[in-house]
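Just so you know, residue 1 is the first one in the sequence shown, and it goes up from there.
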Amino acid sequence: MTDKKLWRNRKERKEWTRRLQSEDPGLEVVHPHAAGIDVGNGTHYVAVRPDCDPEPVRRFECFTADLHSLADWLKRCGVKTVAMQSTGVYWIPIYEILEERGIQVYLVNARHTKSLPGRKSDVQESQWLLKLHTYGLLNNSFQPPSEIRVLRTYWRQRGEAATCVQRMQKALTQMNVQLANVISDVSGLTGQTIVRSIVAGEHDPWKLAELSDPRIHASREEVAKSLEGNWRPELLFVLQQEVAMYDTYQQRIAECDQKLQKHLASFADTVPLQPTEAEPKRKKTKPAKNAPRFELRTELQRITGVDLTRIDGIDVMVAQTLISEVGLDMSRWKTEAHFSSWLGLCPDNRTSGDKVLARGTRRVVNRAATALRMAAVTLMRSRTYLGAQY
């Protein structure tokens, strides 16, 4: 181990010596036809190289006509690549317009560009982005193709109904109705039947307990005991509002499923991968209650060429989330390590002098990583995993 470490240090030292003794040890121009955009809520500041235009920095409003004027000016200046920060959602309209014009957009992390000390104006910020991007010092953030972004928008909009169930549960807890402690899901058949009876005016615990499905594990006595609440009128009003909102979201989910099915039908077929060996038939499982009401698994298998649900722990909901967030082209990442780093699942230890100061992963919000974590928990609790353990 010691010899290997010394060899690696000696090799790196020779490489740096060779670079320092070269004729031009400075930075190389990677993107000669570059531009930098400082994205804002009301205005955008755009900087190009001084030899492209007598006025290399210009200010544009955020209206659609101004964004098209911005793109026209960049095309006249011969710009081929643009760097801008991912500021909120303000970058999305200009990103789509530049992408339609054939300009490659580098969406960079703001943390990678703010290391220069001191305060910078909007003009200096756009020039700073231009300089960093010209010498290839900025990494492009991952953005899926436009058709995957459309799919992602429909799928994310579909997941908003879960917030109503959480607020419904909050109102029940404030009334000390401990229904969630005796049934698995408030949004299930038994939970919704009891909640809607409470909203309708029925507050007798025993009459409410009789509405429970015989298949639940809790007895009628336990259900009745959990339904002894204080029934405060303002909380009953909140519960009524959340139930009505939940019904509205269910209708919106059905509309999202129609759009989702129509958009998936526009994807081209993929040649299915031939299995290397005969695969055993899997037992059909009941789809989740929040799954789309069409054959989503068949559609995903058609556009990917493989049935992702055959992987233990991954159901059709997890597979759809992964495709919506990641897309179909895995070559966007060089290796599996790069993909794990983008997900935020790889170690990000803090070290100093070969000493680990802190262990953990990067704090990133990634829906694909969340879906994989849910798949891991499902696999851990599955019979396949338990059978493998024993």
With a 4.5 Å heavy-atom cut-off, do Asp38 and His44 have their side chains touching? no
Would you call Lys80 and Ile103 a side-chain contact if the rule is heavy atoms closer than 4.5 Å? no
Student check: side-chain heavy atoms of Val48 and Leu74 closer than 4.5 Å: yes
Between Leu227 and Trp231, what is the shortest heavy-atom contact and its length? O-CZ2, 3.2 Å
Point-to-point distance, once rounded to the nearest 0.5 Å, from CD of Glu96 to OG of Ser146: 9.0 Å
Side-chain contact, heavy-atom cut-off 4.5 Å: Leu70 with Leu98? yes
Can a donor-acceptor pair be found, under 3.5 Å and without considering hydrogens, that links the side chain of Glu99 to the backbone of Gln104? no
Could you state the interatomic distance from CD1 (Ile253) to OG1 (Thr248), rounded to the nearest 0.5 Å? 11.0 Å
Looking at every non-hydrogen atom in both residues, tell me the closest pair between Ala371 and Val318 and how far apart they are. O-CG1, 3.7 Å
Asp72 vs Arg101, side chain to side chain contact (heavy atoms under 4.5 Å, CB included): CA-CA, chis, key distance, verdict: CA-CA 9 Å; Asp72 294 336; Arg101 299 296 186 91; 2.5 Å; yes
Show your working on side chain to side chain donor-acceptor pair (under 3.5 Å) between Ser324 and Gln320 and close with a plain yes or no. CA-CA 6 Å; Ser324 300; Gln320 174 61 38; 2.8 Å; yes
Just by distance, no angles: are the side chains of Asn181 and Gln178 close enough, under 3.5 Å, to form a donor-acceptor pair? yes
Test log, rule ring pair (Phe, Tyr, Trp, His ring centres under 6.0 Å), inputs Tyr106 and His31: CA-CA 11 Å; Tyr106 274 64; His31 303 287; 5.2 Å; yes
Between Gly40 and Cys62, what is the shortest heavy-atom contact and its length? O-SG, 3.7 Å
N-O pairing of Arg196 and Asp247 below 4.0 Å: yes
Can you check side chain to side chain donor-acceptor pair (under 3.5 Å) on Thr81 and His33, steps first, answer last? CA-CA 7 Å; Thr81 60; His33 307 286; over 6 Å; no
Looking at every heavy atom in both Val177 and Gly229, which two are closest together, and how far apart are they? CG2-CA, 4.0 Å
Side-chain (His203) to main-chain (Asn230) donor-acceptor, under 3.5 angstrom: no
Before giving the answer on side chain to side chain contact (heavy atoms under 4.5 Å, CB included), spell out for Val195 and Leu172 the whole-Å C-alpha distance, their side-chain angles and the decisive distance to 0.1 Å. CA-CA 9 Å; Val195 168; Leu172 292 173; 4.1 Å; yes
Using atom types as modelled, flag every donor-acceptor pair under 3.5 Å from a side chain in residues 336-343 to any protein atom, sequence neighbours excluded.
unit_1	atom_1	unit_2	atom_2	d
His338	ND1	Thr335	OG1	2.7
Ser340	OG	Glu336	O	3.1

Verify side chain to side chain contact (heavy atoms under 4.5 Å, CB included) between Trp155 and Thr321, making sure each step is shown before the conclusion. CA-CA 7 Å; Trp155 190 248; Thr321 302; 3.0 Å; yes
Which is it for Glu255 and Arg252 under the salt bridge (charged side-chain N to carboxylate O under 4.0 Å, His left out) test, yes or no, and what are the steps along the way? CA-CA 5 Å; Glu255 296 173 358; Arg252 298 295 178 265; 3.6 Å; yes
Among Asn109, Leu107, Val108, the one residue meeting side chain to side chain contact (heavy atoms under 4.5 Å, CB included) with Asn140: Leu107
From Lys207 atom NZ to Glu210 atom CD, the distance as rounded to the nearest 0.5 Å: 8.5 Å
The reported gap from CD in Gln174 to CD in Glu234 (rounded to nearest 0.5 angstrom) is 8.5 Å
Should Val364 and Val326 be regarded as members of a common hydrophobic cluster, given that ILVMFWY residues are connected when their side-chain heavy atoms come within less than 4.5 Å of each other, either directly or indirectly? no
Just do the side chain to side chain contact (heavy atoms under 4.5 Å, CB included) check on Lys259 and Cys256 with the steps written out, would you? CA-CA 5 Å; Lys259 291 290 186 179; Cys256 286; 5.7 Å; no
For the hydrophobic clusters of this structure (ILVMFWY residues joined by side-chain heavy atoms under 4.5 Å, transitively), does one cluster hold both Tyr45 and Trp128? no
Is the shortest heavy-atom distance from the side chain of Leu264 to the side chain of Leu296 under 4.5 Å? yes
I need the single residue from Ile198, Thr173, Leu208, Ile194 that forms a side chain to side chain contact (heavy atoms under 4.5 Å, CB included) with Leu179. Which is it? Ile194
Note: Arg156-Glu325 ion pair, threshold 4.0 Å (strictly below): yes
Going through the checks in order, is the salt bridge (charged side-chain N to carboxylate O under 4.0 Å, His left out) test met by Asp257 and Lys262? CA-CA 8 Å; Asp257 289 343; Lys262 183 178 179 180; over 6 Å; no
With the threshold set at 4.0 Å, does a side-chain nitrogen-carboxylate oxygen contact exist between Arg297 and Asp315? no
Where is the tightest heavy-atom contact between Met175 and Leu239, given as atom of each residue plus distance? CE-CD2, 4.1 Å
Taking the side chain as C-beta and beyond, is there a heavy-atom pair between His68 and Phe63 under 4.5 Å? no
Quick one: closest heavy-atom pair of Met317 and Pro292, and the distance? SD-CD, 3.8 Å
Apply salt bridge (charged side-chain N to carboxylate O under 4.0 Å, His left out) to residues Arg76 and Asp53 and explain how you reach the verdict. CA-CA 9 Å; Arg76 290 196 301 268; Asp53 192 271; over 6 Å; no
Give the cluster check for Val46 versus Leu67: same hydrophobic cluster or not, with ILVMFWY residues linked at side-chain heavy-atom distances below 4.5 Å. yes
CG of Leu132 to CD of Gln127, rounded to nearest 0.5 Å, is 12.0 Å
With a sphere of 6.0 Å drawn around CZ of Phe294, does it hold more than 12 non-hydrogen atoms of other residues, nucleotides or ligands? yes
Indicate whether any N or O donor in one side chain lies under 3.5 Å from an N or O acceptor in the other, for Ser226 and Glu222. no
Under a single-linkage definition using a 4.5 Å side-chain heavy-atom cutoff for Ile, Leu, Val, Met, Phe, Trp and Tyr, are Val199 and Phe237 assigned to the same hydrophobic cluster? no
Quick one: CZ on Arg332 to CG on Leu328, what's the gap to the nearest 0.5 Å? 11.5 Å
In terms of hydrophobic clusters joined by side-chain contacts under 4.5 Å, are Ile37 and Tyr135 together? no
Would you call Lys225 and Glu228 a salt bridge, using N to O less than 4.0 angstrom? no
Beyond-backbone contact of Thr190 with Leu211, side-chain heavy atoms, under 4.5 angstrom: no
Using salt bridge (charged side-chain N to carboxylate O under 4.0 Å, His left out), reason through Arg302 and Glu295 one step at a time and then give a plain yes or no. CA-CA 11 Å; Arg302 180 184 64 83; Glu295 287 296 331; over 6 Å; no
Polar side-chain atom of Trp333 near backbone of Met330 as donor-acceptor pair, under 3.5 Å: no
Note, Ile183 side chain near Ser212 side chain (heavy atom, < 4.5 Å): no
